[in-house]
Amino acid sequence: MIETVQVGLGARAYDVHVGPGLLARAGALIAPLLRRPRVAIITDENVAALHLQSLISGLKQAEISAVTLTLPAGEATKSWPHLERAVEWLLEQRIERTDVVVALGGGVIGDLVGFAAAVARRGIRFVQVPTSLLAQVDSSVGGKTGINTAQGKNLVGAFHQPSLVLADTAALDTLPARDFRAGYGEVVKYGLIGDAAFFQWLERCGSTIASGDQVARIAAVRRSVEMKAEIVARDETEQGDRALLNLGHTFCHALEAATGYSDRLLHGEGVAIGCALAFELSARLGLCAQEEPGRVRAHLRDMNMKADLADIPGELPDTEGLLALMAQDKKVQDGKLRFILARGIGHAFVTSDVDADAVRAVLDEALAARR
Ligand code: GLY
């Protein structure tokens, strides 16, 4: 039942294994990477309670011992103080360049630990063991690592590819429903970017995936990883095509900033709303059929997901306020916002040529629907 996708990066190519029971098999899968039978695991409190013992026993089966650092759970951990703690701990534990660091957790742990591994001793290899859907389909693959600062999210970091990714789909059974749905926003994104047939399959099978069916979950994670791997292999450092993976993110990042990166809006929820708005904008610009945004929203609603600004609780800034937040986006080039738009479901493209009045009109309409 295990599927494997390779991220084709020449000498730095690596496998992403997808399927249930990978925590228990971690020892056998990680052993070929090791020069000595010892790894350093960094995780968070929530994930440690659920999965750390399974990982340690999996490692023990291959006679690999582990030292563990457990950090607090939550976005605040992706910060300078926890980076310092993680790096100093790796050095204290005498983890060498030829050793392997294991990131066990969701996107926060993967990004932080990947960055710690990138900078400690100028680069230690690391293995991603993602336990959230968002991390399995997106953040654990492709080597983007980093932390947040007072100036914004993910503004400090490095490209540091993992040596292996173990996406144990059985770990998704322990995810709270809201987190699962938020991660599903990223799955939908792949269909919207470049695979209309996958989106169609999600429309048919989304409820089966949500209900916990392993076969459907493996298929959804595998196809998402496959698409990400293809894009990363073409454009590792986001000089071009990789920006496609940011469909919905220009809107999403503004909404996350507007809601204070709080529980009011999870990242994947912002991505889902952002994808719907990107299709709305594409339709307004005459790029895609008028029905396409409705079809995107209908699927999000079928999955009980947030699909519009009206679904975000509490106050939001007005249109100009949201535009100002969008202008902070990392994708701004020469003062121009880069958007990912679509000529239809499965046909996204990157452009800097977007009429600001069209963006205003989309936001005006979406904000009006909240009243
Ligand atoms: N999450 C977007 C990327 O990895 O490029």
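Start at 1 and go down the list; that is how both ligands and their atoms are numbered.
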> Taking distance alone, with no angle check, do Asn246 and ligand 1 share an N/O pair under 3.5 Å?
Replying inline: no
> Atom CG of Leu90 and atom CZ of Phe126: how far apart are they, to the nearest 0.5 Å?
Replying inline: 12.0 Å
> Which ligand 1 atoms are under 4.0 Å away from a heavy-atom of Leu245?
Replying inline: 2 (C), 3 (C), 5 (O)
>> Below 3.5 Å, N or O to N or O, backbone or side chain included: is there any such pair between Lys189 and ligand 1?
In response: no
>> So is Lys228 touching ligand 1 or not, going by heavy atoms under 4.0 Å?
In response: yes
> Is the Phe339-Phe251 ring centre distance short of 6.0 angstrom?
Replying inline: yes
> Once the angle between the rings of His253 and His249 is folded into 0 to 90°, is it parallel (under 30°), tilted (30 to 60°) or perpendicular (over 60°)?
Replying inline: perpendicular
> To the nearest 0.1 Å, how far is atom 5 (O) of ligand 1 from its closest protein heavy atom, and which atom is that?
Replying inline: Arg242 NE, 2.7 Å
> Between atom CG of Leu287 and atom CZ of Phe279, what is the distance when rounded to the nearest 0.5 Å?
Replying inline: 10.5 Å
> Relative to the ring of Phe199, is the ring of His299 parallel (under 30°), tilted (30 to 60°) or perpendicular (over 60°)?
Replying inline: perpendicular
